[in-house]
Student: 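My questions will all concern the structure given below.
Numbering of ligands and ligand atoms starts at 1, following listing order. For clarity, every value in this text was computed on a predicted model and none was experimentally measured.
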Amino acid sequence: MGKDAQRVSQSESNISVHSLSEKTMQEKSTEKVNSSAPDTSEVAEATAHMGSFDPRKTLNPNADVKIDVTNTNFFYGKKQALFDVSLPLRTRQVTALIGPSGCGKSTFLRTLNRMNDLIPNTRVEGQALFDGENIYAKNVDVVLLRQRIGMVFQRPNPFPKSIFENVAYGLRIQGKSQSYIKDLVEKSLRGAAIWNEVKDRLNASALGLSGGQQQRLCIARALAVQPEVLLMDEPCSALDPIATLKIEELITELVKDYTIVIVTHNMQQAARVSHFTGFFLSGKLVEVAPTTDLFEHPRQKETEDYISGRFG
Ligand SMILES: Nc1ncnc2c1ncn2[C@@H]1O[C@H](COP(=O)(O)OP(=O)(O)OP(=O)(O)O)[C@@H](O)[C@H]1O
């Protein structure tokens with residue numbers, strides 16, 4: 001098959017993942033978030049650029065469970081935001097969390113590295129085993145936990161420091177040597193696919209980078225402390241379509257080394273990058289399945305209604 005034919009075929013095969021409700025998914029992608037939602041031609045372009053990556057090819061339903069969440073409840077004061085959520089997050093697989101606004105996706109994500117601890121008057125119940133230890137246990141060292149389970153936020157949030165110092169930040173806190181830091185900064189910037197764009201201006205302010213570059217810099221900052229898991233809370237929602245595609249492409253590379261959990265409003269994005277998808281509704285996990293199965297053969301009526309655009 002010629003290169004162009006391969007590209008077209010690749011695009012078609014990826015897009016067919018969404019055959020159930022392609023149109024609806026595009027419509028939903030334009031809600032709330034998405035100025036950044038790619039249209040069909042951009043999606044085709046994206047999938048073509050994503051080379052041979054197809055999450056269906058690297059799906060491993062038997063991969064070890066990196067974080068095993070069982071029976072999690074979460075409360076903001078008296079308000080319960082998560083109800084009995086159980087979800088295995090598999091090693092070196094991408095798990096996408098989808099669902100309508102306010103359904104608890106971000107709350108769930110933040111339970112995984114205890115970011116909710118920063119919100120007063122919150123409480124978590126249940127268990128999330130990470131290498132055999134319960135993340136929710138009182139004696140967990142949350143600083144260490146957040147090194148092992150890094151996070152990337154909706155809006156790129158670089159520090160008002162140089163590009164180099166943004167990535168070096170966590171390593172300096174750890175008291176690492178200058179040569180170690182220099183090596184790790186380069187490795188992390190390469191890992192986040194931004195090295196070539198910044199290598200000649202490492203001492204320039206990170207605030208001078210574009211939004212997409214800033215987000216990749218924030219990913220580099222997360223990588224520098226050598227995490228095992230990356231949590232991404234709508235990492236593309238503030239980005240334009242091209243920057244979005246770069247992050248998606250990066251996710252498909254990073255998953256070779258890291259376990260990734262991504263919250264997204266964009267179902268096409270979930271289908272393009274994730275191996276598993278969990279659908280949340282009103283604080284409950286309605287269903288989790290390999291992504292293709294969830295979109296093509298949802299087991300629950302609520303899932304089908306949501307992905308076919310009947311609500312949300
Ligand atoms: N800091 C907070 N204090 C009180 N309630 C909160 C807080 N953060 C979220 N909530 C509530 O918890 C519920 C779940 O919110 P959450 O942000 O986790 O949902 P989400 O699915 O991520 O939504 P979105 O897609 O809009 O970001 C919502 O009812 C929300 O109003």
Side-chain angles (χ1 to χ4, degrees), residues 24-37 67 69 71-87 89 94-126 128 135-136 142 146 149-157 211 215 218 229-239 244 247-248 251 260-271 273-274 276-288 291 294-295 298 300 302-303 305-307 309-312:
T24 309
M25 284 160 67
Q26 281 175 29
E27 283 164 357
K28 292 176 87 62
S29 298
T30 59
E31 297 171 351
K32 182 184 169 183
V33 188
N34 263 325
S35 62
S36 63
I67 305 178
V69 180
N71 307 117
T72 288
N73 297 307
F74 186 85
F75 301 83
Y76 293 102
K78 289 196 177 128
K79 180 186 158 59
Q80 186 164 358
L82 294 176
F83 297 82
D84 203 29
V85 175
S86 295
L87 176 57
L89 300 165
V94 179
T95 303
L97 309 178
I98 62 167
S101 195
C103 68
K105 306 178 294 291
S106 298
T107 300
F108 176 78
L109 196 75
R110 292 194 303 258
T111 61
L112 299 173
N113 70 347
R114 298 269 298 263
M115 288 298 279
N116 289 321
D117 288 17
L118 305 173
I119 305 171
N121 201 20
T122 56
R123 180 163 63 88
V124 67
E125 295 172 351
I135 287 171
Y136 310 154
V142 292
R146 289 176 196 151
I149 305 181
M151 191 155 196
V152 177
F153 299 89
Q154 279 191 20
R155 297 202 167 269
N157 57 348
Q215 192 62 304
C218 292
V229 180
L230 273 182
L231 309 178
M232 299 182 144
D233 194 352
E234 296 186 50
C236 304
S237 68
L239 305 183
T244 294
I247 299 284
E248 290 184 2
I251 290 170
I260 296 178
V261 189
I262 178 170
V263 167
T264 178
H265 271 90
N266 183 331
M267 286 192 273
Q268 291 197 343
Q269 180 169 75
V273 304
S274 74
F276 295 92
T277 297
F279 169 58
F280 280 76
L281 184 63
S282 307
K284 295 181 183 147
L285 179 68
V286 174
E287 166 165 10
V288 60
T291 297
L294 187 122
F295 285 123
Q300 305 299 329
E302 291 109 314
T303 314
D305 286 350
Y306 181 69
I307 62 181
R310 283 196 270 279
F311 72 91

Student: To the nearest 0.5 Å, tell me how far Tyr136 OH sits from Glu125 CD.
Tutor: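 Going from the OH atom of Tyr136 to the CD atom of Glu125 covers 10.5 Å.
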Student: For a 4.5 angstrom cut-off between non-hydrogen side-chain atoms, does Met232 reach Val261?
Tutor: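 Answer no - side chains too far apart.
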Student: Whether Lys105 engages the ring of Phe280 as a cation-pi pair (distance to the six-membered ring centre under 6.0 angstrom, angle to the ring normal within 45°) should be assessed.
Tutor: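 No, cation not above the ring by the 6.0 Å, 45° rule.
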Student: If you measure from CG on Asn73 to CZ on Phe75, what distance do you get to the nearest 0.5 Å?
Tutor: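 CZ of Phe75 is found 5.0 Å from CG of Asn73.
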Student: Considering only heavy atoms of Glu234, which atoms of ligand 1 have at least one such atom less than 4.0 Å away?
Tutor: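 Going through ligand 1 atom by atom, the ones under 4.0 Å from Glu234 are 25 (O), 27 (O).
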Student: For ligand 1, which atoms, with element, lie under 4.0 Å from some heavy atom of Lys79?
Tutor: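 In order of number, 11 (C), 12 (O), 29 (O).
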Student: Any idea which atoms of ligand 1 are less than 4.0 Å away from a heavy-atom of Pro100?
Tutor: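 Going through ligand 1 atom by atom, the ones under 4.0 Å from Pro100 are 21 (O).
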Student: Mark up the atoms of ligand 1 that fall under 4.0 Å of a heavy atom belonging to Thr107, in ascending order.
Tutor: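 Counting atoms of ligand 1 from 1, those under 4.0 Å from Thr107 are 14 (C), 15 (O), 16 (P), 18 (O).
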Student: Supply the atom-to-atom distance Ile67 CD1 to Leu231 CG, rounded to the nearest 0.5 angstrom.
Tutor: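 Going from CD1 on Ile67 over to CG on Leu231, the span is 6.5 Å.
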Student: Are Ile262 and Gln269 side-chain neighbours, meaning at least one heavy-atom pair lies under 4.5 Å?
Tutor: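 Sidechains of Gln269 and Ile262: in contact.
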Student: Taking distance alone, with N or O pairs closer than 3.5 Å, would you say Ser101 contacts ligand 1?
Tutor: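 Yes, since at least one N or O of Ser101 sits under 3.5 Å from an N or O of ligand 1.
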Student: If we only count N/O pairs under 3.5 Å, is Gly102 in contact with ligand 1?
Tutor: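 Yes.
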Student: Measure the shortest side-chain to side-chain distance between Tyr76 and Ile119 over non-hydrogen atoms and say whether it is less than 4.5 angstrom.
Tutor: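 A side-chain contact exists here, since the closest heavy-atom pair is under 4.5 Å.
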Student: Under 4.0 Å from any heavy atom of Cys103, which atoms of ligand 1 are there?
Tutor: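 Answer for ligand 1: 19 (O), 20 (P), 21 (O).
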Student: Could you check whether any heavy atom of Gly283 sits closer than 4.0 Å to an atom of ligand 1, since that is the contact criterion I want to use?
Tutor: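 Distance cut 4.0 Å: Gly283 fails for ligand 1.
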Student: Which bit of Ala81 gets closer than 4.0 Å to ligand 1, counting heavy atoms only: side chain, backbone, both or neither?
Tutor: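 The side chain, only.
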